[in-house]
Amino acid sequence: MKFSIIKKIKSKLKEDQFCAVLTDIESGNQIFIDHKKDIAEVENENTKKHLTLMLGAGISGLVKESNFFLKVYGPIYKMILVGSVHISQYLVPMSKLVGFKVIVIDPREFFINSYQMPDIEVINEWPDEVINKIGINSRTAVITLTHDSKLDDPTLITALNSECFYIGALGSRKTHQKRTNRLLKMGIKPENLERISGPVGLDINAQSPQEIAVSILAEVIQKKQEVN
Amino acid sequence: MNYDELNPIHVANGWRESGIECALATVINTWGSSPRPVGSQMVINVNGNFSGSVSGGCIETSVVSEALEVIKFKKSKMLEYNVTNKSAWDVGLTCGGRVNVYLEPIE
């Protein structure tokens, strides 16, 4: 691989963008793919079709009926947490270890000061406004942890209007039922509401904030793999 | 720890910027119980240092020595590893898989 291609991949990853490298494993020739139009030089129409599908789904692998190998490079997985709460104190370091870039948003200064977290700067603003600035892509998980509908609901609506791969909302079955009713009244379609995992996390009978953090992270990982 | 810094592409970029020659190994095909999925990458430099992985530690030693050749001769190479039952010192995938690794110099 040319060093110049490595540099191109690096700058795409820095911008949170997808890109790919197509290698002819017989000759070693390579093409850097930034946009779909970059596959124009591939001669075989069938190969082009397979490539388009793989690029669309973000899948790396050997391209059927050809000598090509496609490697897709994508942005780092992000986890947006709304709520600087007790669970966040554990969910943040765990998720960072697993490889997520974690962002915590909470407009309530009192919570930020009470539940301090090392190595992370909590964004002290209204979540729905900030989230649009941060940007949600297909490698983003959004989780609400405040139990406060003023903060959680607008966040969930923003997430539902995006292509994020995971949406979770903390709260009991009853709380989730109430939340679902509110969102329905706000015009969210029932089939869209199914995207929200509530109560959040895998059912491992988690009790403590640490355990709940494990169950949330486990469900995020499960969903990430399903999408892939 | 910033996970992103451990991305083999960033590591390779850093090495090349410091003038250190290196090679890139990519899993391009797997059969059976292969530890790492297609697309997994590892970078190896001329001093034998490496980052990332293409298996669960089963074949990395062999990939590193092959990489030193690839860096020396500046020629890409396809490696194939199978299951081994002979001895623990053999290079192979103990879990019973087969994997193809594409090794290329970063020039």
One option among Met78(B), Lys75(B), Gln41(B) has the most heavy-atom pairs under 4.5 Å with chain A, and it is Gln41(B)
Among residues 67-75 of chain A, those lying within the under-4.5 Å heavy-atom range of chain B are Phe69(A), Lys71(A), Tyr73(A)
- Query: If you measure from the Lys or Arg side-chain nitrogens to the Asp or Glu carboxylate oxygens, is any gap between Lys77(B) and Glu69(B) under 4.0 Å?
  - Reply: no
Indicate the ring-plane relationship of Phe165(A) and Tyr77(A), choosing parallel, tilted or perpendicular according to the 30° and 60° boundaries. perpendicular
Using the rule given for side-chain contact (heavy atoms from CB on, under 4.5 Å), can you reason through Ser88(A) versus Met117(A), listing the C-alpha separation, both sets of side-chain angles and the distance that settles it, and then say yes or no? CA-CA 8 Å; Ser88(A) 322; Met117(A) 285 168 270; 3.9 Å; yes
Salt bridge Lys49(A)-Glu65(A), side-chain N to carboxylate O under 4.0 Å: no
From the list Ile131(A), Val130(A), Val102(A), side-chain contact (heavy atoms from CB on, under 4.5 Å) partner of Ile80(A) resolves to Ile131(A)
The interface call for Glu17(B) against chain A, heavy-atom contacts under 4.5 Å, is both
Between Ile136(A) and Cys164(A) the two heavy atoms that sit nearest each other are CG2-CB, 3.4 Å
Closest heavy-atom pair, Leu62(A) versus Ile28(B), reported as atoms and distance to 0.1 Å, is CG-O, 3.6 Å
Given Pro37(B), Ala12(B), Pro105(B), the one with more heavy-atom pairs under 4.5 angstrom with chain A than any other is Pro105(B)
